[in-house]
Each structure stands twice: as C-alpha cells, then as structure tokens.
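Please find one structure pasted underneath; my questions will follow.
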Amino acid sequence: MDDFYRELIIDRYKNPQYRGVLDPADIRFEDDNPLCGDHIHIDLRVGEDGIVREALFEGKGCAISQASADLLMEKIHGMHLDEVKKISKQDILDMLGIELGPVRLKCALLSLKVLKAGVYGLGEASDDLVED
Amino acid sequence: MDDFYRELIIDRYKNPQYRGVLDPADIRFEDDNPLCGDHIHIDLRVGEDGIVREALFEGKGCAISQASADLLMEKIHGMHLDEVKKISKQDILDMLGIELGPVRLKCALLSLKVLKAGVYGLGEASDDLVED
Amino acid sequence: MMTGQVQSTPLNLEKIRDDFPVLRRQVRPGVSLVYLDSTATSQKPTMVIEAMDRYYRQSNANIHRGIHVLAEEATAAYEEAREKVQKFIHAPSSRQVIFTRNTTEAINLVAYSWGFSQLKSGDLILLTEMEHHSNLVPWYLLAERIGLRLEFVSVTEDGLLDQSDFERKLELKPKLFAFTHMSNVVGTINPAKDMIAKAHQAGAVALLDGAQSVPHFCVNVQELDVDFLAFSGHKMCGPTGIGVLYGKKELLEKMPPFLGGGDMIKRVTLGSFKPNELPYKFEAGTPAIAEAIGLGAAVDYLSGIGMDAIAQHEHVLVRYALERLAEIPNLRVFGPSADKKGGVISFVMSGVHAHDVSQILDQYGVAIRAGHHCAMPLHEKFQIPATARASFYLYNTFEEIDRLVEAIYRVKDIFGV
Amino acid sequence: MMTGQVQSTPLNLEKIRDDFPVLRRQVRPGVSLVYLDSTATSQKPTMVIEAMDRYYRQSNANIHRGIHVLAEEATAAYEEAREKVQKFIHAPSSRQVIFTRNTTEAINLVAYSWGFSQLKSGDLILLTEMEHHSNLVPWYLLAERIGLRLEFVSVTEDGLLDQSDFERKLELKPKLFAFTHMSNVVGTINPAKDMIAKAHQAGAVALLDGAQSVPHFCVNVQELDVDFLAFSGHKMCGPTGIGVLYGKKELLEKMPPFLGGGDMIKRVTLGSFKPNELPYKFEAGTPAIAEAIGLGAAVDYLSGIGMDAIAQHEHVLVRYALERLAEIPNLRVFGPSADKKGGVISFVMSGVHAHDVSQILDQYGVAIRAGHHCAMPLHEKFQIPATARASFYLYNTFEEIDRLVEAIYRVKDIFGV
Ligand SMILES: Cc1ncc(COP(=O)(O)O)c(C=O)c1O
Ligand SMILES: Cc1ncc(COP(=O)(O)O)c(C=O)c1O
C-alpha cells in the first residue's frame with residue numbers, strides 16, 4: 001500500500017517547483033492548519049485580463065500539504081481568476097490521485113483554502129471555501 | 001402483590017393515631033420532600049430526663065410518608081432522645097415491613113429525617129441523617 | 001366503552017414493538033412491562049443499541065485529530081450523525097447542529113454564552129408558567145448574575161398558554177422569549193410558529209425547548225424561523241448523554257465560547273487562544289462520540305417510520321386514553337383536549353397521592369411517573385404537589401391503555417376510594 | 001537488540017486482549033490493528049460494552065424520580081457506578097463524585113462555579129507549560145471575564161516541571177494551582193503529592209488533571225490531599241460521554257450551581273430556586289446514565305486486573321519501546337527517561353512531518369497520533385509544530401512495539417531519510 005504516498009507526492013514534497021515569494025504580488029494570502037502546524041503562503045501575479053501570470057507558494061508542513069500546494073500553483077498558471085474560484089475539493093483530490101481521510105483532507109485543501117481566500121479578498125480563510 | 005401496600009400502611013394513612021400539634025413543644029421541626037411535595041411537621045415534648053413524653057406529627061403526602069410518620073411517633077413515645085438518635089433506616093423499613101425502591105425510601109424516611117434534625121437541633125435536614 | 005382492538009393506527013405496532021428489546025421484559029414473574037413513561041425517557045430500538053455496540057467493537061477512536069483508520073471511521077460516523085440531525089430538523093447547515101449532553105445543557109449553553117454576552121442589567125426575559133425546570137433555572141442563574149427581569153406567560157385553567165397575556169407581556173419588550181414546544185406535564189402543543197413570529201416582531205430572540213416536540217412530530221427549524229432549538233437524544237429513541245442545540249448562524253457566530261478545552265480552539269498559546277469554527281467552537285473536549293452515532297441511528301429509525309405517522313398514532317392513543325380515563329370517578333385529568341396536545345396525560349385521584357398510584361400501578365407492570373415532573377411552578381399553579389403521568393410513544397398500544405385503566409381501578413379498590 | 005518475546009509483564013496479555021473485540025480487527029485485508037493511541041482514547045472491553053447494552057435492553061429508564069421497576073433499577077445502577085468510582089479514587093464519600101461529560105467539562109465546572117465565585121480581579125492562577133488545552137482554556141476564559149493573572153511553571157529540556165520555577169512562582173501567592181498528573185505528550189508523571197502540599201502551604205487550592213493518571217495507575221485523592229480531580233471515562237476503558245469531577249466537600253458545598261435544570265434543584269418557583277444537595281447540585285438534566293454504568297463496569301474491569309499490575313506493564317513496555325526507538329537514526333524522542341514517565345512516547349523524525357509518519361504507519365496497521373495533542377504551548381516550547389505519539393495501555397504487547405519500529409523503518413525508506 002505504499003503507493004498511497006504516490007511518488008508524485010514525495011517527489012513534489014522533496015523537489016517543489018513552485019516554491020518562492022513574489023514581491024510585489026497582486027494577491028497574497030497565508031493561513032495555517034492549527035491541527036498540525038502546516039503553513040501555506042501564496043503569492044500571485046495576475047494580468048489585467050484576470051489571468052494568473054505567476055503563482056508561488058511558501059510553507060512548511062507535511063508532504064500532502066506541501067505537494068498539494070506545489071501542484072496547485074502549477075495548475076493555476078494561465079488560469080482566469082473566475083476559473084480559480086471554481087476549483088473544487090474534488091479537483092484537488094484528482095490532482096493528488098489518492099484517497100484521504102478527513103484529517104489529511106484538511107492538509108490537502110489548505111493551499112486551496114488560502115488561494116481562494118486570497119482571490120476572493122477575504123479577511124479570513126474559512127473551511128466553507130473548500131467544501132463542495 | 002397488593003400486600004405490598006400492607007394493610008397497616010393503608011390503615012395508618014387513613015386513620016392516623018399520632019396526628020396533631022403540640023403548642024408549646026420542646027422540639028419542633030418540619031421539612032418536605034421536594035420530589036413529591038410530601039410534608040412532615042413534628043412536635044415533641046421531652047422530660048428533663050430526656051424521655052419523649054408526647055410526639056405528634058402533621059403532614060400531607062403519600063401513604064408511605066404519612067403512615068411512616070404515624071408509626072414513628074408511636075415508636076418514640078417513652079424513648080430517650082439518645083435512643084431516638086440511633087433509629088436507623090433499617091428500623092423504619094422493619095417498622096413498615098415492606099421493601100422500597102430509592103424514591104419511596106425518601107418518602108419513608110422523611111419523618112425520621114425531620115425527627116433527627118429536630119433532636120440534633122440542626123438548621124437544615126440532610127439526607128445524611130438517615131443513611132446507614 | 002370501546003376496547004383497544006377496534007382502534008386504528010398508521011403504525012405496524014407488532015413490528016415496531018419487536019424493535020424494542022425491553023418491551024419483551026417481564027418486570028415481575030408473569031407481569032409484562034407496560035411502559036408509559038416515554039416523556040421521561042424513551043426506550044431504544046435494537047438498531048440504536050447495535051450502532052453504538054458496533055462502534056465500540058469496530059471503530060472506537062478519538063475524533064478529528066487522528067489519521068489512522070479507526071480515527072477516520074469514528075470522525076466520519078460522528079459527522080454523519082450531525083448531518084442526519086441537520087436533515088431531521090431541516091437545519092440549513094450541519095454547522096448549526098451543536099452536540100451537547102441534553103436539552104438542559106443546550107439551554108445553559110445559550111444562557112452562558114449568548115445571554116452573558118448579549119444581555120445587560122435590566123433586560124427582560126420572557127418565559128412561561130409551563131416550563132420545565134431546565135428552561136427556568138438557567139435563566140434564574142443568569143438573572144441573578146447580571147440583573148435581569150423575568151416575566152412568565154400565564155397558563156390557563158385548561159393548560160394552554162394564555163395568548164393575550166403573551167401579547168401583553170411582549171409589550172414589555174423582552175430580549176428573549178424562551179418557551180416549550182410541548183408541555184411535558186399537560187401535553188399542550190404550543191403554536192410555536194405564530195408565537196415566534198410575534199416574539200420577533202417585538203424584537204425578541206426566540207428559544208424553543210424541543211425536548212418533547214422533536215421526538216414526537218416533525219419540527220422544521222426554518223419553517224418555525226426559530227433562533228435556538230434544544231432537545232435530547234434519550235427522549236427520541238437515542239442514547240443518554242447526547243443532546244442538541246440548533247442555532248441561527250448569525251447568532252452562533254457572534255457568541256463567545258462556552259466551555260474551553262480541546263477541539264474548540266484553533267490555536268492556544270500561553271495566555272491566549274483563538275476559538276475554532278462552528279460547530280466545534282461549542283464542543284470542548286472529547287465529545288459523546290458513540291452517543292452521537294446512536295442519535296444518528298435513532299433519527300434514521302424515526303425517519304424510517306415517519307414522524308407524521310408517529311404523531312398520528314400518538315394522537316389516536318391519547319384520544320382513546322382520555323376517553324377511557326373519563327369513565328373513572330374521582331380522577332381528574334389536567335390539560336387541554338386531545339386536539340391540542342401530544343401523548344402525555346397527567347392526572348390526580350382524590351384520596352390517593354400520585355406516588356401511591358404509581359407504586360400500585362407498578363405492581364401491575366404499568367410504568368408511569370409521579371411527581372412534579374420538573375415543572376413545580378405549573379403544579380403550584382394547579383395547586384397540587386404531584387400528578388401521576390402516563391405518556392405514549394410509537395410503541396404503545398391500545399391494550400396497554402386498557403391495562404393502565406384496569407390497574408387504576410385496582411388502586412381505587414386498595415385505597416377504598 | 002532483544003526482541004519482544006523475552007520481556008516479562010505481570011499481565012496475562014492473551015486473556016486481556018481477548019476482552020477487547022476491536023483488537024481482533026484487521027484494518028485492511030491481512031493487516032491487523034496495532035492500537036497505540038490509548039492516550040487519545042482507550043479501547044473498551046466486552047464487559048463494558050455489554051453493561052450498557054444490557055441497561056438499554058433491560059432497565060432503561062430515567063432516574064431519581066421514577067417509582068416503577070425500571071426507574072428503580074436504573075437509579076440503583078447509576079448510583080452504584082458512583083460508588084464504584086468513589087472507591088476507585090479512594091474518595092471519602094460518593095457525594096464528592098460528580099459525573100460530567102469528560103475531563104474538560106469537569107475543569108470548566110470548577111472554573112465557572114468555584115472560580116467565578118471565589119476569585120476576584122487581580123488574583124493569580126498558576127498553570128504549567130505542559131498542560132492540555134482543557135486545563136488552559138477554561139482558565140483563560142475565566143481570566144478574561146474577571147481579570148485574573150496567569151503564570152506558568154516552566155518545563156525543562158527533558159520534559160519535567162521545573163521545581164525551582166514552581167517554588168518561585170508559588171511565592172507570587174496563586175489562589176489556584178491547576179496541573180496535570182501525567183503529560184499526554186511526553187508522559188511525565190509529576191510529583192503530585194509533593195506539589196499539592198507545597199501549593200497548600202502557599203495558600204493555593206490544587207486542581208489535578210487526572211485524565212492520564214487515573215486510567216494508568218492508582219490515584220488516591222485522600223493521600224494526595226488534592227482539592228479537585230478531573231478525569232474522563234473514555235480513556236480508562238469506559239464509554240465516551242462520561243467524566244468525573246472529584247472535589248473536597250467543603251469546597252463543593254460552598255460552590256454555586258453551574259448548569260441549571262432538572263435534578264439539580266430542591267424546589268423551583270416562578271423566579272427562584274433552591275439547589276439540591278451534593279452531588280446532584282452539579283448534575284443538571286438527565287445525566288449520561290448508560291455511560292455512568294459503563295464507567296462503573298470499566299472501574300470493575302481495571303480493578304479486577306489491578307492498577308499496580310497495569311502500571312508495571314506499561315512501565316516495561318515504555319522502557320522497551322524507548323530502547324528500540326533509540327536504535328533508529330534521526331529520530332528524536334521528547335520527554336524524560338522511562339522511570340519518570342508513563343506509557344506515552346512522542347517523537348519526531350528529521351525530514352518527515354508527523355502527519356506523514358502517522359499516515360504511513362497506518363498503512364501497516366499501526367495507529368498512532370500526530371499533531372500537537374492539544375498541547376500547543378508545550379510544542380511551541382520545544383519549537384516543533386507537531387509530534388508523532390505512540391501510547392500504551394494494558395492490552396499492548398512487545399510485539400506491537402516491534403511492529404511500530406518496523407513500520408518506522410518503512411517511513412524512512414519511503415521518504416529516503
Ligand atoms: C492530560 C489531559 N487533560 C485533559 C484531556 C481532555 O480530556 P477530554 O477530552 O476527555 O475532556 C486529555 C485528553 O485528551 C488529556 O490527555
Ligand atoms: C419540556 C422539557 N424540557 C426539558 C427537559 C430536560 O431534558 P433533559 O433532562 O434531557 O435535559 C425535559 C425532559 O425532562 C422536558 O420534558
């Protein structure tokens with residue numbers, strides 16, 4: 001059952017491709033999962049047309065949260081913000097390609113929650129953002 | 001199983017022999033069982049030698065509480081207060097001659113509790129007085 | 001008088017009774033149980049008992065924080081129970097369903113959290129004379145602490161809330177109107193929707209004590225537009241140790257935490273903390289996990305049978321019981337006529353204290369309750385210290401009412417009244 | 001390294017394991033459960049599950065006010081459970097045993113009732129850096145409301161309470177010293193008797209969080225001379241939904257009620273009430289009846305095996321586990337040496353987050369916990385966001401520790417660390 005930790009996840013965790021900080025950034029948000037201390041910070045640069053030009057994350061935490069953030073940044077490059085808003089929990093699960101229990105789901109969805117709170121310009125990130 | 005309500009109890013309930021008020025009284029106390037509204041008031045006249053000369057009760061409530069009070073008054077006539085203090089839960093049960101569940105026990109023991117609180121000169125009657 | 005057999009009910013009683021193991025019990029040799037005390041607590045179907053049993057034998061773990069299989073199964077089952085309850089009361093979101101120990105704790109939660117933070121000295125709370133102590137004492141405690149005024153809607157001779165008194169008292173501008181949906185003594189079903197609307201018009205928040213309504217008929221929080229609803233699992237075929245507070249989101253979100261501890265926090269440092277989101281903000285410490293799962297099973301069970309059919313069954317039962325009790329001389333029933341009430345009948349017999357009634361009935365296997373039923377003020381109003389109370393639920397039969405009546409006649413014999 | 005087989009324990013593990021149905025479970029096909037998460041919640045023996053099952057199938061009724069057979073049986077069983085708990089903790093009277101939902105509610109009860117009535121603005125409460133959130137947040141809530149100061153006894157590098165810091169802080173004359181008997185993270189068993197005596201000398205009331213001690217070794221409240229003790233049923237082979245507050249009689253009697261409602265009153269009128277005697281004063285509403293009965297059965301079960309034997313077993317287990325974990329490179333264990341601690345081991349592995357450790361262990365059937373274990377301040381002190389925690393109870397074996405160690409090696413493989 002080691003395929004649980006698909007190689008993709010371990011690989012992205014150890015060799016992230018979208019780690020970093022954009023300064024200045026058009027959209028910036030951060031939050032953490034108090035259950036485990038996972039932390040995700042996201043910076044976006046967005047064109048006048050609403051298209052994501054650059055997206056990077058910083059963070060610490062478990063393989064699932066960090067790999068998920070890395071894959072999510074990759075996914076939204078070139079996407080319109082309206083589409084970003086539509087990314088669902090299921091999209092993240094499909095992206096990771098694994099099944100997750102309720103606790104790990106929070107790890108997996110942390111980056112999406114941070115991303116959406118930033119895109120919507122909210123003061124605080126709520127779990128409601130990532131519930132289907 | 002109607003013998004549960006032994007004739008003695010129904011009889012003493014309907015025809016109490018020690019009902020009444022003593023005024024003045026040497027010892028007077030009253031209390032009630034809030035669970036069911038049973039109420040017992042007890043008046044005693046006690047000689048200088050500590051012997052109970054007269055004992056009457058007033059009250060309202062169920063057959064068990066009233067019959068038990070009536071029988072208890074009968075029992076303590078001519079008893080020394082030191083002996084009165086020693087009357088136990090079991091004595092009351094023996095006197096009634098029936099088995100009682102926890103709720104009815106409170107009915108049966110109400111008069112003893114009131115009696116003891118009076119004899120000990122307490123401000124308030126506590127269940128501890130009648131627990132063996 | 002008709003006998004039980006000719007009455008009709010929408011329920012398959014034989015099948016239902018089979019679901020409740022305790023109903024097969026003989027309380028003494030040769031004396032089978034007639035359980036007429038469901039208002040105090042209901043019996044539990046096998047399905048509920050087994051749901052908890054299974055949880056302990058297969059999936060027991062602490063929830064929310066665990067990553068292993070058991071913890072995940074337990075968490076999923078607990079949260080699924082919350083969703084079942086949500087649907088059962090038609091709440092907009094499961095986040096508005098807070099698990100408590102019982103109705104009592106749910107009301108105390110509102111008093112301590114909402115009351116303490118939103119009310120101030122001199123504010124008025126409107127209650128009624130027919131409340132259970134659980135919807136009185138929490139407000140007395142709060143009133144004492146912060147200096148509130150209390151008013152009580154009167155109860156009429158026949159056990160209804162006096163609606164013109166209600167309207168007069170609303171003019172005093174209460175901040176809260178807390179009242180019972182159904183009386184646990186006289187069975188009155190109060191016109192909650194209408195009264196809540198009037199309370200809102202007067203600017204009051206409305207709390208409904210649903211301890212006796214949620215188990216017995218369909219309660220729809222959105223239709224009622226109620227602000228808070230409290231009820232207990234053990235009265236609705238569920239286990240002890242679990243109850244529910246439903247609240248409107250705006251209200252719950254504004255409220256400070258009640259109990260502090262694990263799970264209700266997002267973050268804790270030395271000296272400060274950040275509360276968690278709803279509903280966890282109000283669920284401190286390890287919750288009653290098995291009991292929530294049991295309540296979920298109870299909700300499934302009741303829904304499977306249908307709340308409307310259950311209400312209808314209780315209605316025909318209570319109508320039959322009232323008719324049969326009316327035959328008995330010197331027996332006085334309190335409360336309104338059958339069309340205004342649920343399956344609860346409280347009565348007194350002249351010359352026999354309610355405790356003695358109950359004790360002798362018990363000799364015949366008939367379990368009723370005697371006392372003030374945690375509603376002393378209502379008993380004071382009626383000027384009686386105690387009543388005998390028979391109450392019905394989905395598993396009760398017409399024959400059981402016949403047995404109740406028979407046993408009451410034996411009481412009369414024994415006491416010679 | 002020795003293997004598990006040669007270790008010795010006073011317990012008959014085969015027999016004990018047979019008592020716990022969940023231990024026969026395969027969490028995945030071919031993968032049996034290794035449950036190392038008893039600090040979060042313990043598993044339940046058949047005897048406990050069946051005690052509750054039997055109650056629901058045979059004697060279920062509401063308690064204290066009923067006269068019928070079921071109500072009497074239920075009341076007797078509930079009160080008998082209280083006496084069992086009394087004897088288990090060596091309390092002078094069963095009136096000092098108050099049933100709550102869990103440790104958390106028990107501590108909140110003290111904060112709301114004793115704290116609110118006995119403390120005033122500016123008073124100091126002394127806590128420690130190793131407390132569970134349940135023994136922090138209730139005091140933060142109280143401090144916020146009435147303006148208290150908080151101080152925390154430091155934890156040393158190796159996870160002990162710093163005794164000289166404790167003595168220094170006692171000089172500040174705290175009104176209350178609330179501390180854990182055993183840490184749920186590092187397993188430290190604090191010298192409670194000595195610390196309580198010192199707290200008393202300094203004029204403080206002492207509250208002991210016994211959530212991790214009462215289940216694992218003999219706790220004698222009279223010998224400890226502790227003022228309040230809080231613990232949970234679910235961590236000691238009992239059900240969820242039940243916990244205990246023990247208190248000294250003088251203190252409990254002085255305290256105002258906490259929750260208001262049925263059963264905690266002697267009398268209620270419109271606008272006033274008179275509280276009931278102990279312990280009922282603090283048990284509002286229908287209590288967790290089945291759960292109390294389950295806890296009583298758990299106490300019987302544990303006593304039958306013997307708390308000293310259980311403590312001894314856990315001691316040899318933890319010693320073995322610490323030795324085996326010491327073999328593993330880049331694994332750091334927190335807390336003191338085996339002689340100063342109970343059966344709890346928290347660790348981190350460089351390069352792998354605790355959540356990932358736990359998840360991979362779960363693939364091998366090994367259930368541990370990962371996170372801050374509701375003790376964020378302690379994790380902050382150690383400057384780590386999360387640890388992996390393996391914890392032991394009477395049913396755990398040396399072989400299970402071998403399986404833990406094996407699985408940890410697999411984690412290392414997968415992450416290449
Ligand atoms: C030391 C300690 N205190 C308090 C608690 C809280 O217990 P409960 O969640 O049962 O209230 C726990 C359990 O998590 C604990 O380990
Ligand atoms: C109308 C009403 N409210 C509140 C309660 C209290 O319920 P619980 O004891 O489950 O908290 C009851 C039950 O006795 C009730 O009938």
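For the numbers below, each heavy atom of this structure counts, side chains included, while hydrogens, waters and symmetry mates do not. All chains are named by letter (A, B, ...) in the order of the sequence lines, taking the proteins before the strands, and each is independently numbered beginning at 1.
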For C:His353, ring pair (Phe, Tyr, Trp, His ring centres under 6.0 Å) partners two or more places apart =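 With sequence neighbours excluded, C:His353 shows a ring pair (Phe, Tyr, Trp, His ring centres under 6.0 Å) to C:His355, given in chain and number order.
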Where is the tightest heavy-atom contact between D:Gly262 and C:Ser134, given as atom of each residue plus distance?
->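 Looking at all heavy atoms of both residues, the shortest contact is N-OG, 3.4 Å.
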Once you round to the nearest 0.5 Å, how far does CD1 of C:Ile49 lie from CG of D:Asp53?
->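 Atom-to-atom, C:Ile49:CD1 and D:Asp53:CG are 6.0 Å apart.
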With a 4.5 angstrom heavy-atom cut-off, which part of D:Ile63 approaches chain C: side chain, backbone, both or neither?
->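 For D:Ile63, the backbone is the part near chain C, not the side chain.
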Which bit of C:Phe20 comes within less than 4.5 Å of chain D, counting heavy atoms only: side chain, backbone, both or neither?
->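 Neither part, no heavy atoms under 4.5 Å.
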Pick one of side chain, backbone, both or neither for D:Glu151, based on which atoms fall under 4.5 Å of a heavy atom in chain C.
->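 Neither; nothing under 4.5 Å.
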For D:Thr46 and C:Tyr56, does a side-chain donor sit closer than 3.5 Å to a side-chain acceptor?
->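 Looking only at side-chain atoms, C:Tyr56 and D:Thr46 do not form any donor-acceptor pair under 3.5 Å.
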D:Lys266 to C:Met376 - nearest heavy-atom pair and separation =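 The answer is O-CE, 3.7 Å.
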Under 4.0 Å between a Lys/Arg side-chain N and an Asp/Glu carboxylate O for D:Arg267 and C:Glu380?
->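 Result for this pair is no, no salt bridge flagged.
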D:Pro287 portion near chain C, given a 4.5 angstrom heavy-atom threshold |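 Backbone of D:Pro287 only, per the 4.5 Å heavy-atom cut-off to chain C.
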Please state whether the side chain, the backbone, both or neither of C:Leu270 comes within less than 4.5 Å of a heavy atom of chain D.
->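 The answer is both parts of C:Leu270.
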Report the option among D:Ala71, D:Gly243, D:Ser38, D:Pro138 that has the most heavy-atom pairs separated by less than 4.5 Å from atoms of chain C.
->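 The answer is D:Pro138.
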Do D:Glu291 and C:Thr240 have side-chain N/O donor and acceptor atoms under 3.5 Å apart?
->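 A pair is found: one side chain offers a donor N or O, the other an acceptor, under 3.5 Å apart.
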Determine, for D:Phe116 and C:Arg145, whether the Lys NZ or Arg CZ falls below 6.0 Å from the six-membered ring centre while staying within 45 degrees of the axis.
->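 Because its charged atom sits under 6.0 Å from the ring centre and within 45° of the axis, C:Arg145 does stack over D:Phe116.
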Among D:Ala370, D:Ala375, D:Ser272, residue most engaged with chain C (heavy-atom pairs, under 4.5 Å) =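 Highest number of heavy-atom pairs under 4.5 Å: D:Ser272.
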So what's closer than 4.5 Å to chain C heavy atoms on D:Leu33: side chain, backbone, both or neither?
->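 Contact with chain C is through the side chain of D:Leu33 alone.
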Side chains of D:Thr269 and C:Pro377 in contact at under 4.5 Å (non-hydrogen atoms) =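 Sidechains of C:Pro377 and D:Thr269: no contact.
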Is the backbone of C:Asn62 close enough, under 3.5 Å, to the side chain of D:Arg369 for a donor and an acceptor to pair up by distance?
->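 It does hold such a pair.
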Could you tell me whether the side chain of C:Arg25 and the main chain of D:Gln58 form a donor-acceptor pair under 3.5 Å?
->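 At least one qualifying donor-acceptor pair exists.
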Taking the side chain as every heavy atom from C-beta outward, state whether C:Leu141 and D:Phe258 have any atom pair closer than 4.5 Å.
->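 They are not in contact (no side-chain heavy atoms under 4.5 Å apart), so the answer is no.
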Could you look at C:Asp37 and say if it's the side chain, the backbone, both or neither that has a heavy atom under 4.5 Å from chain D?
->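 Answer is side chain: those atoms of C:Asp37 sit under 4.5 Å from chain D.
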Could you look at D:Phe152 and say if it's the side chain, the backbone, both or neither that has a heavy atom under 4.5 Å from chain C?
->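 The side chain, not the backbone.
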Do any N or O atoms from the side chain of C:Asn108 and from the backbone of D:Leu259 form a donor-acceptor pair under 3.5 angstrom?
->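 Checking the backbone N and O of D:Leu259 against the side chain of C:Asn108, no donor-acceptor pair under 3.5 Å is found.
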Gap separating the CD atom of D:Glu105 from the OG1 atom of C:Thr100, nearest 0.5 angstrom |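 One gets 10.0 Å once the value is rounded to the nearest 0.5 Å.
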Could you have a look at C:Ala111, C:Ala284, C:Pro256, C:Gly371 and say which one has the most heavy-atom pairs with chain D under 4.5 angstrom?
->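 Between C:Ala111, C:Ala284, C:Pro256, C:Gly371, the count favours C:Ala284.
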Non-hydrogen atoms of chain C under 4.5 Å away: do they reach the side chain of D:Glu131, the backbone, both or neither?
->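 Interface part for D:Glu131: neither.
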Looking at D:Thr41, D:Asn135, D:Leu109, which makes the most heavy-atom pairs under 4.5 Å with chain C?
->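 Top count of heavy-atom pairs under 4.5 Å with chain C: D:Thr41.
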Side chain / backbone / both / neither for D:Tyr35 at chain C, heavy atoms under 4.5 Å =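 Side chain of D:Tyr35 only, per the 4.5 Å heavy-atom cut-off to chain C.
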Evaluation steps, side-chain contact (heavy atoms from CB on, under 4.5 Å), between D:Gln359 and C:Ile67 = CA-CA 6 Å; D:Gln359 178 116 34; C:Ile67 293 166; 3.9 Å; yes
Measure distances from D:Thr103 to the heavy atoms of chain C and classify the residue's part below 4.5 Å as side chain, backbone, both or neither.
->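 For D:Thr103, neither part sits under 4.5 Å from chain C.
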Which bit of C:Ser59 comes within less than 4.5 Å of chain D, counting heavy atoms only: side chain, backbone, both or neither?
->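 Both backbone and side chain.
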Using non-hydrogen atoms and a 4.5 Å limit, figure out which bit of C:Ile289 sits close to chain D: side chain, backbone, both or neither.
->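 Looking at C:Ile289, backbone and side chain both touch chain D.
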Winner by heavy-atom pair count (cut-off under 4.5 Å) against chain C, out of D:Leu70, D:Asn102, D:Val27, D:Thr286 =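 Winner by heavy-atom pair count: D:Thr286.
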Could I get the full list of side-chain hydrogen bond (donor to acceptor under 3.5 Å, both in side chains) partners for D:Asn184, not counting sequence neighbours?
->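 None.
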If you tally heavy-atom pairs under 4.5 Å against chain C, which of D:Arg101, D:Glu73, D:His372 wins?
->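 It is D:Arg101.
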Please look at C:Ile368 and chain D and tell me whether the side chain, the backbone, both or neither of the residue comes under 4.5 angstrom of a heavy atom of that chain.
->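 The backbone, not the side chain.
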Under 4.5 Å, counting heavy-atom pairs only, tell me which of C:Pro257, C:Gly365, C:Ala143, C:Gly241 racks up the most with chain D.
->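 Option with the top pair count is C:Gly241.
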Heavy-atom distance under 4.5 Å between the side chains of C:Gln43 and D:Asn60, does that happen here?
->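 Yes, their side chains come closer than 4.5 Å.
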Is there a side-chain contact between C:His133 and D:Ile265, using heavy atoms and a 4.5 Å cut-off?
->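 Heavy-atom side-chain distance check passes, below 4.5 Å.
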Among D:Ser232, D:Ser42, D:Gly271, D:Ala61, which has the most heavy-atom pairs under 4.5 Å with chain C?
->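 Among D:Ser232, D:Ser42, D:Gly271, D:Ala61, the one with the most close pairs to chain C is D:Gly271.
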Should D:Cys374 and C:Arg65 count as side-chain neighbours, where that means a heavy-atom distance under 4.5 Å?
->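 SC-SC contact between D:Cys374 and C:Arg65 confirmed.
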Are any side-chain N or O atoms of C:Asp362 and backbone N or O atoms of D:His68, one a donor and one an acceptor, separated by less than 3.5 Å?
->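 Side chain of C:Asp362 to backbone of D:His68, a donor-acceptor pair under 3.5 Å: no, none is there.
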